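Structure record follows, encoded as structure tokens.
Throughout, protein chains are lettered first and strands after them, A, B, ... in sequence-line order, and every chain is numbered starting at 1. Predicted, not measured: the structure shown is a model, and the values here were computed from it.
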Amino acid sequence: MSDKPISTPSNFIRHIIDEDLKNGKNGGQVLTRFPPEPNGYLHIGHAKSICLNFGVARDYQGQCNLRFDDTNPHKENLEFVEAIQADVKWLGFDWGGKPFYASDYFEQLYGFAMELIDKGLAYICDLNAEQTREYRGTLTEPGKNSPYRERSIEENRDLFQRMRAGEFADGAKVLRARIDMASPNINLRDPTLYRIRHGVIHHQTGSEWCLYPMYDFTHPISDALEGVTHSLCTLEFEDHRPLYDWVLDNISIPCHPQQIEFSRLNLQYTVMSKRKLTRLVEEGIVEGWDDPRMPTIAGLRRRGYTPAAIREFCDRIGVTKSDNSIEMAILESCIREDLDAHAPRAMAVLHPLKVVLSNYPEDKTEMLSAANHPKDEAMGSRQLPFSRELYIDRADFMEVAPNKKFKRLVLGGEVRLRNAYVIRCDEVIKDNAGEPIELRCSVDMDTLGANPEGRKVKGVIHWVSAQHGIRAELRLYDRLFTVPHPDSDKSVTDFVELLNPQALRTLTDCILEPGLAKAAEGSRYQFEREGYFCFDAKASRADLPVFNLVVGLKDSWAKIEQQD
RNA sequence: UGGGGCGUAGCCAAGCGGUAAGGCAACGGGUUUUGAUCCCGUCAUGCCCAGGUUCGAAUCCUGGCGCCCCAGCCA
């Protein structure tokens with residue numbers, strides 16, 4: 001995937017930019033921004049926005065600013081600020097130097113607010129939150145003017161200065177835009193511009209301010225101050241665009257970015273709302289923001305996803321204004337494509353079943369050469385120890401074949417050991433419950449790198465030498481929820497009831513080929529015939545390495561099994 | 001009968017008046033020491049519905065229908 005030629009996606013936003021460039025708008029410049037609020041970790045939905053904003057900037061020789069929209073210190077903190085930068089960087093994007101902060105503009109914002117006051121376009125309102133709501137009206141009824149709407153400019157100036165000076169309690173007063181309480185667009189019914197917040201330490205400005213600007217006021221001005229040309233955001237802000245434009249039209253600022261909205265990502269079988277993700281973390285339902293079950297960038301990274309796969313995903317899903325519901329299969333296809341090309345192969349036995357080769361010498365160990373990749377010789381090969389006692393997977397043996405399509409090992413039958421010999425099962429040893437616990441097999445020593453004489457052996461199974469294999473824990477992941485749309489599911493009152501109890505299955509007695517003992521942090525392998533796995537250094541112990549399942553291999557046998 | 005937005009295959013998505021790209025999924029078949037990969041093939045007489053304009057409409061017009069978003073001193 002990283003060696004795939006770069007294809008530039010086409011979408012309606014790029015069409016608009018093409019048109020703007022053609023018309024000489026913005027002096028031929030393109031400047032975008034990615035403006036996360038540092039109140040949580042980034043998720044795959046943010047990745048869509050990141051790829052869009054940084055991708056556009058890259059393809060038009062422009063620039064994309066990383067800007068923290070940090071106007072609500074109550075919910076924000078430094079951990080999130082740092083995690084967000086790490087994630088954007090990991091995804092492969094660069095914002096050239098220092099990130100921007102909306103809080104860098106607090107002083108200028110205050111000045112622009114004063115300008116609105118001076119123009120009679122903003123006023124101090126003493127209504128409390130509940131009263132404000134009542135005065136706002138409803139979706140179908142107009143609101144009514146606040147009794148404080150006609151305060152004099154002088155009084156408004158004075159009050160606003162005193163608000164900044166800390167003379168008033170939280171909620172006692174707000175600064176409001178003076179627009180139109182009867183507007184059919186509720187965002188224009190004298191929206192709040194500033195609120196008072198005492199006693200919170202802002203991660204950037206400390207306790208310098210007790211006055212914090214609202215998004216609708218901060219965002220357009222921050223964009224304009226940075227010289228943003230195209231301000232890309234999600235569809236729910238479409239109703240806010242008239243307000244975005246109103247702010248810039250009514251203050252003395254030379255730049256007026258164009259806001260363009262696109263639809264947010266909806267990925268099936270997971271949730272994207274930060275409120276819900278935060279809850280999963282805070283209630284300990286998952287192990288943290290980087291839990292491999294989470295749709296966060298940190299979670300996907302720990303799971304074993306690559307930046308290239310996530311970028312490819314964002315290219316494949318496109319950018320439009322239509323509602324969407326993306327199937328997990330697309331994400332999975334992207335990571336399989338990348339890992340199939342780039343992950344070295346290895347053998348791992350998930351559910352060990354002992355095999356004793358009765359005609360193989362007890363004290364013998366031979367080293368067999370195995371290619372690290374079936375199609376990429378440059379990836380080299382490794383030596384695998386082979387000895388009298390091996391482990392194979394329980395699923396690869398059945399005493400009697402369940403159907404004619406079963407081509408693994410059966411009693412009296414033959415199978416190829418991957419990268420090694422053909423063996424025949426002569427005897428099954430079972431426990432009291434009748435479960436096979438050991439197989440006695442004979443090995444055909446003429447079948448190393450050669451087909452046996454006069455017969456066809458179709459099945460190939462993986463194995464690990466019992467004496468040399470290392471024990472490991474494998475964590476098998478599945479979708480986080482049991483339903484495709486946990487956000488809109490009406491069958492439960494609380495979405496956590498829809499969590500998939502099988503989203504994590506831990507196997508603690510797996511046996512890996514010995515070379516895997518020196519896996520590097522975050523390194524990915526294909527465990528042949530099973531799936532792609534990623535070494536989890538954070539979860540591993542010295543005596544028990546842990547690997548996370550990134551995604552399973554496509555499994556046409558599972559389909560056949562289901563049909564029977 | 002408040003405002004805004006969106007309807008092209010199971011899921012995404014091109015298409016911009018000239019006769020429905022592509023991807024994912026699915027389904028056949030071939031190769032294979034991974035039931036993987038890879039390769040070949042199939043998959044919308046039709047674009048939410050109904051009218052209209054036009055030689056010609058997914059694209060233009062009219063009228064319906066459906067879905068999403070908005071009543072934080074969150075973003």
| message | Let's see if you can work this out: which of B:A13, B:G35, B:G5 has an atom nearest to the side-chain heavy atoms of A:Ile560? | response | B:G35
| message | Suppose we define a pair by two distances each less than 3.5 Å, Watson-Crick or G-U wobble; what does B:C65 pair with here? | response | B:G7
| Counting any heavy atom closer than 4.0 Å, what does A:Pro374 reach on the DNA or RNA strands: base, sugar-phosphate only, or nothing? | base
| message | Can you tell whether the side chains of A:Glu37 and A:Lys274 come within less than 4.0 Å, N to carboxylate O? | response | no
| NZ/NE/NH1/NH2 to OD/OE distance under 4.0 Å, A:Asp393 and A:Arg408 | no
| Where does the angle between the aromatic ring planes of A:Tyr215 and A:His240 fall among parallel (under 30°), tilted (30 to 60°) and perpendicular (over 60°)? | perpendicular
| field | Residue matched to B:G72 through Watson-Crick or wobble contacts both under 3.5 angstrom | value | none
| task | Name the nucleic acid region contacted by A:Gly449, choosing base, sugar-phosphate or nothing; use a 4.0 angstrom heavy-atom cut-off, strictly under. | result | base
| task | Quick one: label A:Glu141 by what it contacts on the DNA or RNA (base, sugar-phosphate, nothing), any heavy atom closer than 4.0 Å. | result | nothing
| field | Annotated protein contacts, base or backbone, on nucleotides 68-75 of chain B with a non-hydrogen cut-off under 4.0 Å, one of B, S, - each | value | SBBBSBSB
| task | Salt-bridge test for A:Asp396 and A:Arg529: reply yes if a basic N is under 4.0 Å from a carboxylate O, no otherwise. | result | yes
| note | pair_partner(B:A36), Watson-Crick or wobble, both distances < 3.5 Å, evaluates to none
| note | A:Lys458 atom NZ is separated from B:U31 atom C1', nearest whole Å, by 14 Å
| query | Between B:U45 and B:G35, how far is it from one P atom to the other, in whole Å? | reply | 38 Å
| B:G41 pairs with, by Watson-Crick or G-U criteria that keep both distances under 3.5 Å | B:C27
| When the distance from CG of A:Asn372 to C1' of B:U37 is rounded to whole Å, what number comes out? | 16 Å
| message | Show the nearest heavy-atom pair for residues A:Val460 and A:Val415, with the distance to one decimal. | response | N-CG2, 4.1 Å
| field | Under 4.0 Å protein heavy-atom contacts per nucleotide of nucleotides 23-30 of chain B, with B for base, S for backbone only and - for none | value | BSSSS---
| query | With the threshold set at 4.0 Å, does a side-chain nitrogen-carboxylate oxygen contact exist between A:Arg151 and A:Asp126? | reply | yes
| d(CG, A:Asp245; P, B:G4) in whole Å | 15 Å
| query | Rounding to a whole Å, what distance do you find between A:Ile317:CD1 and B:A13:P? | reply | 8 Å
| request: Hunt down the Watson-Crick or G-U wobble partner of B:U1, both distances under 3.5 Å, from any strand shown, or write none. | output: none
| query | How about A:Phe313 and A:Tyr305: are their ring centres within less than 6.0 Å of each other? | reply | no
| Taking OP1 and OP2 of B:G3, is either one under 4.0 Å from a side-chain nitrogen or oxygen of A:Ser183? | no
| said: Between A:His15 and A:Arg418, which residue's closest nucleotide on RNA chain B lies nearer the 5′ terminus? | reply: A:His15
| task | Tell me what A:Lys274 touches on the nucleic acid: a base, only sugar-phosphate, or nothing, going by heavy atoms under 4.0 Å. | result | nothing
